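Note that this is a predicted model, so its numbers are computed, not measured. Start at 1 and go down the list; that is how both ligands and their atoms are numbered.
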Amino acid sequence: MYALKLHDLTLAERLADMAVDALIDEADLSPKPALVDRRGNGAHTDLHLGLMHASALSLWPAFKEMAEAAVEFGEVGLPLREALGRIGREGEQVMLVTTSGVNTHRGAIWALGLLVAAAALQPESCTASAVTLRAARLALLNDRYAPQPLSHGAQVAQRYGARGAREEAQLGFPSVLQRGLPQLKKSRLQQHGEQNARLDALLAIMTDLADTCVLYRAGPEGLQAMQQGAQAVLDAGGSASLAGRRQLHELDQQLLALNASPGGAADLLAACLFIDRLDGAL
Ligand SMILES: CC(C)(COP(=O)(O)OP(=O)(O)OC[C@H]1O[C@@H](n2cnc3c(N)ncnc32)[C@H](O)[C@@H]1O)[C@@H](O)C(=O)NCCC(=O)NCCS
Ligand SMILES: Nc1ncnc2c1ncn2[C@@H]1O[C@H](COP(=O)(O)OP(=O)(O)OP(=O)(O)O)[C@@H](O)[C@H]1O
């Protein structure tokens with residue numbers, strides 16, 4: 001009887017494992033303000049934790065296929081970009097079948113798909129800055145086959161001129177590189193515990209993000225409440241401190257009252273956890 005060893009997995013399989021792990025860790029992290037977590041559904045009537053897990057697992061083949069496409073094409077270019085677009089759209093259909101039509105991970109497929117492909121292109125060069133730069137170069141290419149639906153993100157981009165998921169990737173994930181990852185490392189160094197460090201990373205992302213989920217559901221008022229409330233938690237000492245926890249509870253209540261779920265920030269936390277694990281892992 002042989003046990004399957006980690007290094008028996010292909011590069012694409014290991015990257016798909018890491019992407020799904022990041023999604024499950026994000027979903028499980030609690031207490032996240034107004035998001036689905038171990039406590040409940042947050043501001044979502046149509047989501048729950050089991051659905052987030054099932055959705056994350058259903059995306060494993062899509063992430064694997066994206067990594068395989070990157071290995072096959074071997075360089076950043078339109079053929080790879082358009083293959084990723086096709087696989088991403090197919091992954092979205094699998095997600096929607098799994099969830100009976102509910103959007104659980106649309107933004108996550110986009111962000112993690114690009115990052116998985118960027119990692120597979122050059123596994124020996126997977127520092128945070130190297131992998132986000134390659135992901136940005138992929139995101140900048142125009143997929144000729146992408147449909148142009150009037151998505152929630154497109155609607156608030158028109159209404160408020162907000163920078164959404166596409167631009168965040170095209171800029172090389174500044175919310176992850178400049179906010180999430182530094183805060184994750186800082187809170188770990190302060191011995192705040194891994195769960196608190198991850199919550200602090202999510203809050204750091206929320207302080208500055210134009211989260212189009214929040215803008216669509218609650219307008220600029222909701223976005224301001226999210227950004228300022230997240231900053232208040234960090235200023236009070238972060239999620240590991242009692243004062244920070246009180247602020248976090250207040251932020252949760254405020255965002256729930258506004259129906260303002262920061263789904264974009266949650267996706268970027270998953271991206272942050274993925275990148276954090278990538279460095280030196282391949
Ligand atoms: C670019 C995407 C995310 C569409 O973006 P758009 O803003 O138009 O759509 P939508 O309103 O549905 O929002 C997408 C999701 O992004 C997340 N998000 C919201 N705000 C932000 C933000 N500022 N930064 C990052 N993510 C965000 C949220 O989870 C949101 O639900 C993507 O779905 C897409 O275009 N896919 C096409 C298929 C493709 O090319 N796939 C490639 C896979 S690598
Ligand atoms: N833990 C989480 N809880 C809730 N949303 C999350 C979580 N993690 C990631 N998300 C992201 O949030 C998005 C879902 O948010 P939302 O329901 O506002 O999207 P929508 O489909 O645009 O809006 P609506 O629900 O109004 O139809 C998904 O794209 C998903 O990637």
So, [X] and [Y]: side-chain donor and acceptor under 3.5 Å apart, yes or no?
X      : Y      : result
Ser239 : Asp200 : yes
His105 : Asp267 : no
His152 : Thr212 : no
Gln183 : Ser187 : yes

So, 4.0 Å and heavy atoms of [X]: is ligand 1 close enough to count as a contact?
X      : answer
Cys213 : yes
Glu167 : no
Arg163 : yes

Exercise. Quick one: does Gly107 get within less than 4.0 Å of ligand 2, heavy atoms only?
Worked result: yes
Exercise. Are Val116 and Leu282 connected in the hydrophobic side-chain network, where two residues link if heavy atoms are under 4.5 Å apart?
Worked result: yes
Exercise. Same cluster or not: are Trp60 and Trp110 linked, directly or through other Ile, Leu, Val, Met, Phe, Trp or Tyr residues, by side-chain heavy atoms under 4.5 angstrom apart?
Worked result: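 Shared cluster, yes.
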Where is the nearest protein heavy atom to [atom]: which residue, which atom, and how far?
atom                    : result
atom 31 (O) of ligand 2 : Asp267 OD1, 2.6 Å
atom 39 (C) of ligand 1 : Gly85 CA, 3.6 Å
atom 43 (C) of ligand 1 : Leu84 O, 3.6 Å
atom 30 (C) of ligand 2 : Thr104 O, 2.8 Å
atom 32 (C) of ligand 1 : Trp110 CB, 4.0 Å
atom 38 (C) of ligand 1 : Arg89 CG, 3.7 Å
atom 18 (O) of ligand 2 : Arg217 NE, 2.9 Å
atom 35 (O) of ligand 1 : Arg166 NH2, 3.2 Å
atom 12 (O) of ligand 2 : Gly263 CA, 3.2 Å
atom 7 (C) of ligand 2  : Met52 CE, 3.5 Å
atom 15 (C) of ligand 1 : Gly107 CA, 3.5 Å
atom 8 (O) of ligand 1  : Ser151 OG, 2.6 Å
atom 19 (O) of ligand 2 : Asn103 ND2, 3.5 Å
atom 3 (N) of ligand 2  : Val36 N, 3.0 Å
atom 23 (N) of ligand 1 : Ala210 O, 2.9 Å

Minimum side-chain heavy-atom gap [X]-[Y] below 4.5 Å:
X      : Y      : value
Cys126 : Asp279 : no
Thr98  : Leu59  : no
Arg134 : Ser125 : yes
Val233 : Pro33  : no
Glu65  : Leu84  : no
Glu82  : Arg144 : yes

Taking everything shown except [X] itself, do over 12 heavy atoms lie less than 6.0 Å from its [atom1]?
X      : atom1 : value
Glu221 : CD    : no
Gln253 : CD    : yes
Arg38  : CZ    : no

Contact atoms of ligand 1, heavy-atom distance to [X] under 4.0 Å:
X      : value
Gly263 : 29 (O)
Glu168 : 24 (N), 25 (C)
Asp267 : 17 (C), 28 (C), 29 (O)

Heavy atoms only, cut-off 4.0 Å: how does [X] contact ligand 1, side chain, backbone, both, or neither?
X      : value
Leu209 : side chain
Thr212 : both
Gln148 : neither
Leu268 : side chain

Exercise. Should Asp8 and Glu13 be marked as a side-chain contact (heavy atoms from CB on, under 4.5 Å) after you check the CA-CA gap, both sets of side-chain angles, and the distance that decides it?
Worked result: CA-CA 10 Å; Asp8 290 332; Glu13 288 170 337; over 6 Å; no
Exercise. Hey, which atoms in ligand 2 end up nearer than 4.0 Å to a heavy atom of Ala266?
Worked result: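 Atoms satisfying the 4.0 Å criterion: 7 (C), 8 (N), 9 (C).
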For this session: Just jot down the ligand 2 atoms closer than 4.0 angstrom to any heavy atom of Cys213, in number order.
Result: 15 (O), 18 (O)
Exercise. Okay, side chain of Arg198, backbone of Leu273: is any donor-acceptor separation there less than 3.5 Å?
Worked result: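 Absent.
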For this session: Looking only at non-hydrogen atoms, find the nearest pair between Ala43 and Arg217 and report the distance.
Result: O-NH1, 3.5 Å
Report the member of [options] with the shortest heavy-atom distance to [atom].
atom                    : options                        : value
atom 22 (O) of ligand 2 : His152, His44, His105, Glu26   : His152
atom 9 (O) of ligand 1  : His152, Arg106, His105         : Arg106
atom 5 (O) of ligand 1  : Gly113, Gly153, Ala165, Ala62  : Ala165
atom 22 (C) of ligand 1 : Gly164, Gly264, Ala118, Ala265 : Gly164

Exercise. Within the structure, does Arg81 bring an N/O atom to less than 3.5 angstrom of an N/O atom in ligand 1?
Worked result: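 Indeed, backbone or side chain, Arg81 has an N or O that close.
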Problem set entry | Reference residue Ser55; test side-chain hydrogen bond (donor to acceptor under 3.5 Å, both in side chains); the match among Thr99, Thr104, Asn103 | Thr104
For this session: Specify whether the nearest protein heavy atom to atom 1 (C) of ligand 1 is under 4.0 angstrom away.
Result: yes
